[in-house]
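Bear in mind that the values here come from a model prediction, so they are computed numbers and not experimental data. So you know, we letter chains A, B, ... as the sequences are listed, proteins then strands, and number each from 1.
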Amino acid sequence: MSDGWTRPAPAFPAFPPRPGLAVEEIVGRSIVTVVARAGQEAALRAVVETALGVLLPEGPRRVAGQEIAFIGIGPGKWLAIGLPVAALAPLADVAAIVDQSGAYGVLSLTGAGARRLLGRAVAIDLDDAAFGAGSVATTIIEHVGVTLVRTAATPPAYELYVVRSYARSLAHWLHETMG
Amino acid sequence: MRYSALSLAWNAATGHRFWKPAWRDAEPKPAYDVVIVGGGGHGLATAFYLAKNHGVRRIAVVEKGWIGNGSVGRNTTIIRSNYLHPANTRFYEFSMKLWEGLEQALNYNVMVSQRSILNVFHSDAQRDAYARRGNAMRIAGVDAELLDTDGVRKRYPFFDFDNARFPIRGGLLQPRGGTVRHDAVAWGYARAASDLGVDIIQNAEVVGIDIQGGRAVAVETTRGRITADRIGISVAGHTSHVAAMAGLVLPIESHVIQAFVTEAVKPLISGVVTFGAGHFYISQSDKGGLVFGGDIDGYGSYAGRGNLPVAEDVAEGGMALMPAIGRLRILRNWGGVVDMTPDGSPFIDLTPVQNLYLNGGWNYGGFKATPAAGWTFAHLLATGQSHELAAAYRLDRHATGRVIDENGQGAQPNLH
Amino acid sequence: MAGGPQRLASGGATIDRGAPVRFTFDGRRLDGFAGDTLASALVANGIALVGRSFKYHRPRGLLGAGAEEPNGLVRLGAGSAVEPNTKATLVELHDGLVSSSQNRWPSLAFDVQAVNALLSPFFAAGFYYKTFMWPKSFWEKFYEPAIRRSAGLGRASGLPDPGRYDKVNAFCDVLVIGGGPAGLMAALAAGRAGARVILAEQDFVLGGRLLSERHEIDGMPSSAWSAQAAAELDGMPNVTVLRRAAVFGSYDSGTFGVVVSAAPGETGPRQTLWRIVTRSAVLATGAIERPLVFGGNDKPGIMLASAVRSYVNRFAALPGQQITLFTATDEGWNTAVDIAAAGGRVVAILDTRREVSPQLRALAPAAARIFLGADIKAGRGRLRLTAIDVVDRDGRAERIATDCLAMAGGWTPMGGMAIHLGGRLAWSERIGAPVPKSTPAMRIAGAAGGQLSLAESLASGAEAGLAAAEAAGHAAAAMAIPRSSDDVVTPFQRRPYAKTRRPAFVDFQNDVTAKDIALAVREGFAIPEHLKRYTTLGMGTDQGRTASLNAIEILADVTGHPSTELMPTSARPPETPIAIAALAGASRGEHFRPKRLPASHDWSAAHGGSFTEAGPWMRPRWYTRTGEADWLTTVNREVTTVRTSVGVCDVSTLGKLDLSGPDVAVFLDRVYTNLMSTVPVGKVRYGLMLREDGFVLDDGTAARLGETHFVISTTTANALRVTQHVEYCRQVLWPELDVSLVPVTDQWAQYAIAGPRSRDLLQALLGDRIDIGNAAFPYLAVKAFDWDGVEARLFRVSFSGELAYEIAVPASVGAAAFERLMDACVRLGGCAYGTEALGVMRIEKGHVAGSEINGQTTAADLGLGKMLSAKKDFVGKMLAQRPALAAADRPALVGLRPVDRAGRFSGGAHFLAPGATPSIEADEGWLTSVAFSPSLGHFIGLGFLRNGARRLGEQIRAYDPVRGRDTLVEVVPAAFVDPEGARLHV
Amino acid sequence: MRILCPYCGERDAHEFSIRGEAPMTRPVVIGVPMAEAVAALHDRRNPPGRTREFWYHGAGCRSWLLVDRDLRTHEVFGATLASGAF
Ligand SMILES: Cc1cc2nc3c(=O)[nH]c(=O)nc-3n(C[C@H](O)[C@H](O)[C@H](O)COP(=O)(O)OP(=O)(O)OC[C@H]3O[C@@H](n4cnc5c(N)ncnc54)[C@H](O)[C@@H]3O)c2cc1C
Ligand SMILES: NC(=O)c1ccc[n+]([C@@H]2O[C@H](COP(=O)([O-])OP(=O)(O)OC[C@H]3O[C@@H](n4cnc5c(N)ncnc54)[C@H](O)[C@@H]3O)[C@@H](O)[C@H]2O)c1
Ligand SMILES: Cc1cc2nc3c(=O)[nH]c(=O)nc-3n(C[C@H](O)[C@H](O)[C@H](O)COP(=O)(O)O)c2cc1C
Ligand SMILES: [Zn+2]
């Protein structure tokens with residue numbers, strides 16, 4: 001029996017577009033936490049490169065390959081975005097692989113307005129020079145923990161990862177602040 | 001000159017020409033029976049009770065700056081005895097009783113004002129915890145009332161009852177709680193102590209403690225060496241580094257706590273109120289300013305000033321509890337250094353160094369303790385024995401496990 | 001005359017004569033212009049009396065024209081939007097503005113409490129410390145309420161602030177504070193060099209004193225030059241100009257707090273808190289003028305000379321018909337020139353100096369009389385200045401009719417923000433005031449740093465801006481300093497303070513007089529900080545801006561100490577008073593804190609769920625059905641349903657940590673008190689964690705999913721603390737153990753299915769997807785399985801004591817899974833149950849929860865002593881053996897029930913022996929958790945009782961005076977329903 | 001106050017929680033004698049100057065850090081990951 005119930009539910013309400021700002025939820029994305037085992041970071045790097053064709057980013061950065069992107073969220077810790085957990089099996093010898101696809105709501109924010117909006121919200125410098133494409137920051141917006149990713153330089157594009165249970169509160173804040 | 005309406009009127013008529021300094025600004029003498037380090041509320045009270053209760057003659061209070069510059073001059077003035085732990089209940093209730101007669105004892109109006117303290121709660125579990133505390137108080141003969149939402153509403157109709165993230169379910173009220181004019185406590189004790197012969201020595205920082213054969217014999221100050229039969233440390237937020245002069249390492253961290261006062265307005269908040277779903281408490285000074293504060297900033301600090309996040313957090317708590325204060329403006333925001341302990345409770349005890357005694361570790365709550373701390377520390381200094389009401393405030397209690405942890409946070413000072 | 005009767009026909013740098021504005025003051029309808037402040041519009045309307053002083057309720061007029069204003073405090077708005085104590089000088093006038101005076105009754109002109117002034121000899125500094133002590137009880141009943149009523153200035157609305165507020169974070173290389181000539185130059189220099197600049201100006205126009213003076217820069221009027229500079233800055237992409245932006249505090253690591261107010265009529269938040277992080281700052285906040293201290297110097301109509309120039313030059317409002325000047329500096333003479341040029345009448349110039357240069361004398365308008373070495377013996381008039389009694393150096397005494405006196409007593413640099421972080425001031429003899437020192441983090445420019453004249457301001461601003469840009473890596477060529485006309489900076493001269501019988505005010509707002517200072521000194525309060533606290537000098541809304549240096553001079557005079565050995569009292573944030581709501585932002589009401597919602601939330605809301613806060617989460621307490629009279633009926637129904645049939649409850653809020661790695665079992669053995677390494681794969685074990693100090697931290701379960709893979713649960717309330725603790729163990733204590741930790745609380749929606757028919761429910765729902773027979777899936781089993789394409793986990797655990805399971809699915813399908821469960825549940829006659837029923841059932845079972853694991857209890861207290869493994873070491877083991885924690889007579893967990901089964905009791909009651917007199921010694925423990933048990937038909941409770949374990953069967957009182965109850969209860973084992981746990985294993 | 005997290009970069013202190021003073025050597029909590037355990041958990045040097053503390057970047061990378069800081073001025077001299085520090 002599969003009545004389509006495997007389809008993930010959106011975490012956020014809809015966001016009507018604003019001038020210079022499009023906010024859309026990305027539903028159903030595979031998100032997997034990858035944590036290098038002790039002393040295995042180099043090995044993991046090698047496996048990721050051969051198996052997935054991506055160079056694991058150093059530090060809080062995003063590196064995208066064909067089907068998968070890695071986002072640095074802590075020392076030896078990444079979110080692998082795009083491929084289901086099963087596809088990461090080759091990494092299992094050198095890393096913990098934990099599916100988090102259900103844990104996050106993901107928003108994409110694009111446009112000049114996105115930069116302004118997020119710049120107001122997070123207490124980190126979002127200037128192009130400081131937070132260009134590929135930058136990642138795990139931080140807080142109004143008491144809610146988020147991981148913010150700059151996916152493109154122009155027009156400015158971001159992804160915002162927030163755990164599902166907080167998604168509606170964050171949405172309230174976004175609605176208020178977008179005006 | 002005794003203070004009274006009559007003497008005031010007489011002086012008013014004669015152009016206030018005959019008032020004398022409230023206390024003698026003394027020069028240090030070479031030797032005293034007891035030297036108290038720290039001219040805060042506790043140090044001055046200790047000197048007063050040493051002279052008054054124990055007849056000690058030669059007493060000096062040695063203060064590094066001007067008396068009252070420390071926490072006694074910068075606290076939010078709340079007095080209460082609404083504690084849970086029996087050791088605290090006994091001690092703070094004794095302090096409350098001393099407050100209740102302090103004006104007469106000192107001949108100084110320190111404006112003890114028992115306009116009540118209300119701890120608001122927001123859940124059934126919190127209600128039960130407050131009931132437990134209220135009952136502990138009642139059992140110990142302390143006044144306590146448990147209010148329901150309507151009871152709170154009657155007193156404070158402008159709280160956010162209808163729209164709150166954490167609705168108000170009631171409150172624990174101690175009618176005898178209240179506030180005291182903080183600076184006046186330092187001045188009143190100083191004046192009364194000075195009248196009994198105590199030397200109050202300002203601008204004399206203790207920079208060393210002379211220990212010979214395991215006994216403390218003198219303090220080195222920026223105004224010279226002073227020998228003493230007994231030395232009492234009562235330096236609040238600076239306990240660690242003064243104790244370090246005697247080679248002691250103590251279970252104390254220094255932290256900053258901020259306070260705020262608004263522009264003065266006509267009476268709005270009658271008593272003291274604490275919020276139960278965030279860090280915020282408030283009262284209104286006689287001058288009309290809303291005096292409020294919240295949590296410590298959380299990191300070790302001797303800077304005596306805080307940072308924005310906690311200021312914002314406090315304001316958020318305030319707006320959540322009483323959005324009617326939104327347009328009132330903060331006039332001044334300051335910080336003080338407080339000595340936080342692993343269980344949130346103080347020390348009044350002998351130290352491992354002979355003749356060296358310690359009164360410290362008052363966290364952010366030692367103002368209300370001032371009279372009792374002075375009384376019991378004086379007892380300890382005079383007799384060498386702990387006063388029974390302060391016997392639980394031992395330095396070895398973390399070794400014995402006899403901790404006095406009111407809120408169950410455990411051995412992490414900044415969580416209390 | 002449009003814009004008010006005292007409005008000059010021409011001029012006015014910032015007013016827009018094309019935009020008339022109507023407003024009211026104390027109910028009077030008045031006219032002004034856009035670009036006015038409320039104060040300038042009052043001046044233009046010939047209104048001198050604007051308020052009453054704090055203590056003596058003396059009539060007061062405007063003293064200043066900016067942030068220094070001590071007197072002109074008004075109440076703005078009406079209803080819930082009321083804003084008391086607002087400086088009229090800082091209010092941007094707009095159409096429909098409603099303002100009124102305060103601290104007076106019944107009216108501003110006639111105020112009953114003005115009698116206080118008559119009693120002023122009695123009310124001298126510190127009088128209240130000396131009296132009101134008898135009889136003792138009168139303080140709270142009588143004296144204090146009277147004092148409280150007469151104190152306070154304005155009145156709060158008492159209603160929720162209707163405003164919206166917001167917060168913004170910003171980063172820059174250079175933050176320039178103040179948009180006068182110094183700030184403008186700094187911003188231009190840094191901006192042109194390419195640095196990221198933010199310029200914050202509290203006024204609604206840039207220019208600072210340039211707007212108020214008739215200077216020329218680059219051949220144009222100074223206000224035109226500042227408009228041009230502003231336009232250039234507005235056009236630079238790397239520069240952000242914030243107007244109406246009060247910088248209020250300097251904090252660690254280059255962080256500044258700024259409150260930016262909306263312009264009149266602007267939609268959006270009323271105020272926004274900007275948290276600006278900058279590499280370095282330029283402080284260009286200017287200086288303010290000092291009043292002169294003489295008898296009756298507080299009459300309405302007596303102003304600062306700089307304020308008079310502001311009113312005349314910037315707002316084209318003439319503050320009097322017959323203006324006199326009283327000056328200790330050259331500014332007085334310049335002011336006379338400006339007044340005359342605007343067509344005003346200067347009747348006299350009084351200079352405190354015995355000699356002045358001929359050039360200066362030449363400035364005096366022809367009609368003005370000159371007095372040198374002059375002093376004023378008295379300002380006269382009741383509600384407004386009418387005359388002054390003057391003496392000059394030759395003893396010539398005269399009464400001069402005047403309705404406006406401009407005072408120029410030198411300058412006080414506004415260096416407060418430079419010492420927020422503990423910086424120091426140094427006395428400048430040249431200007432007779434302490435000035436802050438520049439540091440790389442904060443460069444001081446212009447009058448704030450004692451560079452008083454215009455040329456100095458421009459040059460020092462440019463220099464500071466360049467240096468700041470350079471420090472941020474933006475090198476630039478030196479900047480040309482525009483040519484300008486300039487001020488004559490008068491070297492400061494001390495003046496003995498007037499020994500007059502009349503009150504001579506030093507702190508206008510707080511009514512502190514020169515005599516009060518002398519009295520305070522006499523009583524030993526002879527240093528500025530003591531003086532402040534004893535007299536309240538400098539403690540008003542103006543923080544003594546106009547008072548502090550005069551006070552120091554008087555103090556020096558009285559004590560004989562040189563004033564340069566005294567320092568003003570310390571400045572603290574906020575530099576400008578800021579609204580509490582602005583600091584709070586949008587975090588209020590329902591949005592005070594974000595809410596965490598489990599995946600089942602919408603289902604619960606649609607099915608009668610009534611929610612409660614559980615830490616950050618919102619959880620259903622119960623699900624009301626139509627016809628149920630009260631919540632207890634509902635909860636009883638839910639409990640009974642679970643105990644007899646089946647119920648479903650969302651338990652997703654429990655914290656969940658995924659732990660894996662070769663050393664995970666060793667690690668968990670150290671973290672938990674009991675052995676975890678022996679848990680077989682596919683099994684769950686209940687576990688206990690201690691804090692390092694030996695008290696219980698938390699309880700939960702550890703499920704072994706693989707040889708090197710566990711998922712552990714924490715309580716809802718402790719999830720963060722436990723995560724932090726386990727991370728500490730992993731990263732700090734034993735980094736050599738190879739263990740990975742991933743929090744997965746949000747990944748898994750988890751639902752408890754409890755009750756004798758829970759297996760039926762799962763059977764119906766899951767069929768043969770997983771074998772859940774008792775043999776294949778016994779108590780404490782765990783298994784992952786595929787639920788129609790969804791990866792799910794099933795646990796056989798029970799909090800209710802019934803046959804029960806928990807099923808976990810990814811939260812993204814959590815809502816759908818809950819619906820499926822509820823569908824099947826309802827079909828079996830089951831129901832959803834909330835936290836209340838959960839609580840009742842755990843008390844019936846004697847399971848401990850937050851009320852028992854409250855941070856003060858040991859494992860033994862909780863009846864869990866056996867869980868402290870003797871076979872291994874673990875966190876907290878040593879300190880748990882401290883004598884007081886190991887003492888045998890500690891209160892221990894017991895069950896309680898009323899002896900009279902119809903009786904009731906509540907959590908928080910204490911235990912007293914029957915007949916005992918309440919006392920600390922007689923207190924034997926307390927009730928932690930109480931519920932009505934529908935299974936037993938009476939109240940039951942858990943509690944900690946001294947020697948509890950040995951007292952089963954005893955009767956004791958549950959004494960609850962705060963609720964007015966005293967109930968006889970019986971001590972029973974802490975398990976009321978199925979104590980053997982038989983139901984778990986069926 | 002801002003802290004340079006070795007992983008995340010510069011962050012406001014409110015993203016962290018603080019445990020307090022850190023010992024020079026790695027804390028040992030199991031298998032130590034009682035007196036030592038009591039002292040290690042409770043005693044603090046708490047100097048009015050530079051010291052080293054444990055901070056936890058809970059709202060960022062969830063690393064435990066050793067932060068070198070001055071208690072008088074709040075100046076932060078640096079931070080390192082605690083896990084590799086002892
Ligand atoms: C913002 C804030 C709010 C507070 N709110 C409350 C409250 O509402 N209720 C309450 O009960 N408590 C409160 N407290 C706590 C209370 O103020 C203190 O616990 C109490 O004042 C400490 O005792 P004290 O008065 O003796 O300290 P202090 O006044 O600090 O006295 C210590 C003195 O020692 C001097 N000293 C230090 N080192 C030396 C040295 N080397 N040589 C000589 N002298 C030295 C200091 O200069 C100082 O004067 C608050 C504290 C703060 C900072
Ligand atoms: N004749 C003299 O001796 C003499 C003396 C003093 C001043 N002046 C004149 O004063 C001017 C000095 O120039 P300047 O630029 O140093 O000062 P300024 O007074 O012209 O400018 C300071 C600006 O800072 C703003 N400001 C103050 N505090 C602020 C805060 N907390 N947040 C935001 N903005 C704030 C003020 O609103 C003002 O616009 C010159 O024009 C000079 O001619 C002359
Ligand atoms: C209860 C209380 C009320 C206060 N009221 C005022 C006030 O009305 N005005 C003011 O400027 N400061 C007020 N203060 C703050 C003091 O000015 C001062 O900031 C505080 O005593 C700390 O000293 P410091 O800022 O000099 O370090 C008050 C302080 C307290 C403790
Ligand atoms: Zn980090």
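- Between B:P167 and C:E613, some side-chain heavy-atom pair lies under the 4.5 Å cut-off.
- Heavy atoms of C:R148 lying under 4.5 Å from chain B belong to its backbone as well as its side chain.
- Using a 4.5 Å cut-off between heavy atoms, C:A614 does not touch chain B at all.
- The shortest non-hydrogen separation linking C:P84 to B:L328 is CG-CD2, 3.5 Å.
- Side-chain contact check for C:Q543 versus B:R332: some heavy-atom pair is nearer than 4.5 Å.
- At a 4.5 Å heavy-atom cutoff, the contact between C:R621 and chain B is made by side-chain atoms alone.
- No part of C:S253 comes within reach of chain B, as not one of its non-hydrogen atoms sits under 4.5 angstrom from that chain.
- A salt bridge links B:E312 with C:R275: at least one charged nitrogen is closer than 4.0 Å to a carboxylate oxygen.
- Residue C:F123: no heavy atom, backbone or side chain, is found under 4.5 Å from chain B.
- When all heavy atoms of B:K266 and C:R149 are compared, the pair lying nearest together is NZ-O, 3.3 Å.
- For B:R24, the side-chain contact (heavy atoms from CB on, under 4.5 Å) test picks out B:A26, B:S194, B:D199, with sequence neighbours left out.
- In this structure, B:L331 CG and C:T576 OG1 are separated by 11.0 Å, a value rounded to the nearest 0.5 Å.
- Heavy atoms closer than 4.5 Å to chain C are found in the side chain of B:Q104, but not in its backbone.
- Both the backbone and the side chain of C:Y128 come within contact range of chain B, judged by heavy atoms closer than 4.5 Å.
- For C:V82, the part lying under 4.5 angstrom from a heavy atom of chain B is the backbone only.
- Checked for salt-bridge contact, C:R963 and B:D148 miss the test: no charged N lies under 4.0 Å from a carboxylate O.
- Contact annotation for C:T928: only backbone heavy atoms (N, CA, C, O) come within less than 4.5 Å of a heavy atom of chain B.
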C:Y165 and B:M319: CA distance, side-chain angles, deciding distance, side chain to side chain contact (heavy atoms under 4.5 Å, CB included) verdict: CA-CA 11 Å; C:Y165 299 85; B:M319 288 303 286; 5.5 Å; no

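- Ion pair B:D160/C:R588 not flagged as a salt bridge, since none of the NZ, NE, NH1 or NH2 atoms sits closer than 4.0 Å to an Asp/Glu carboxylate oxygen.
- Both the backbone and the side chain of C:Y534 come within less than 4.5 Å of a heavy atom in chain B.
- Both the backbone and the side chain of B:I67 come within contact range of chain C, with heavy atoms under 4.5 Å apart.
- B:W66 and C:F525 have their aromatic ring centers separated by at least 6.0 angstrom.
- Here C:F132 and B:Y3 keep their ring centres 6.0 angstrom or further from each other.
- A salt bridge does not link B:E103 with C:K130: none of the charged nitrogens is closer than 4.0 Å to a carboxylate oxygen.
- Between B:R329 and C:D161 there is no salt bridge, since none of the side-chain N atoms of the basic residue sits less than 4.0 Å from a carboxylate O of the acidic one.
- Note: C:H420 and B:W334 fail the aromatic proximity criterion, with ring centroids not under 6.0 Å apart.
- Residue C:E140 touches chain B through its side chain alone, counting heavy-atom pairs closer than 4.5 Å.
- Annotation: maximal heavy-atom pairing with chain C below 4.5 Å, among B:A140, B:G141, B:G326, B:A131, occurs at B:G326.
- Here the rule is salt bridge (charged side-chain N to carboxylate O under 4.0 Å, His left out) with C:E144, and of B:R181, B:K287, B:R115 only B:R115 fits it.
- The parts of C:N85 that come within reach of chain B are both its backbone and its side chain, each placing non-hydrogen atoms under 4.5 angstrom from that chain.
- Checked by atom type and distance alone, the side chain of B:N307 pairs as donor or acceptor with a backbone atom of C:D252 at under 3.5 Å.
- Residues meeting the salt bridge (charged side-chain N to carboxylate O under 4.0 Å, His left out) test with C:K55, sequence neighbours left out: none.
- Atom-to-atom distance recorded for B:F260:CZ and C:R572:CZ is 11.0 Å, nearest 0.5 angstrom.
- In this structure, chain B has a heavy atom under 4.5 Å from the side chain of C:L273, while its backbone stays farther away.
- Under a cutoff of 6.0 Å and an axis angle of 45°, B:R132 and C:W926 form a cation-pi pair.
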Test log, rule side chain to side chain donor-acceptor pair (under 3.5 Å), inputs B:R327 and C:Q271: CA-CA 11 Å; B:R327 290 190 184 210; C:Q271 290 180 330; over 6 Å; no

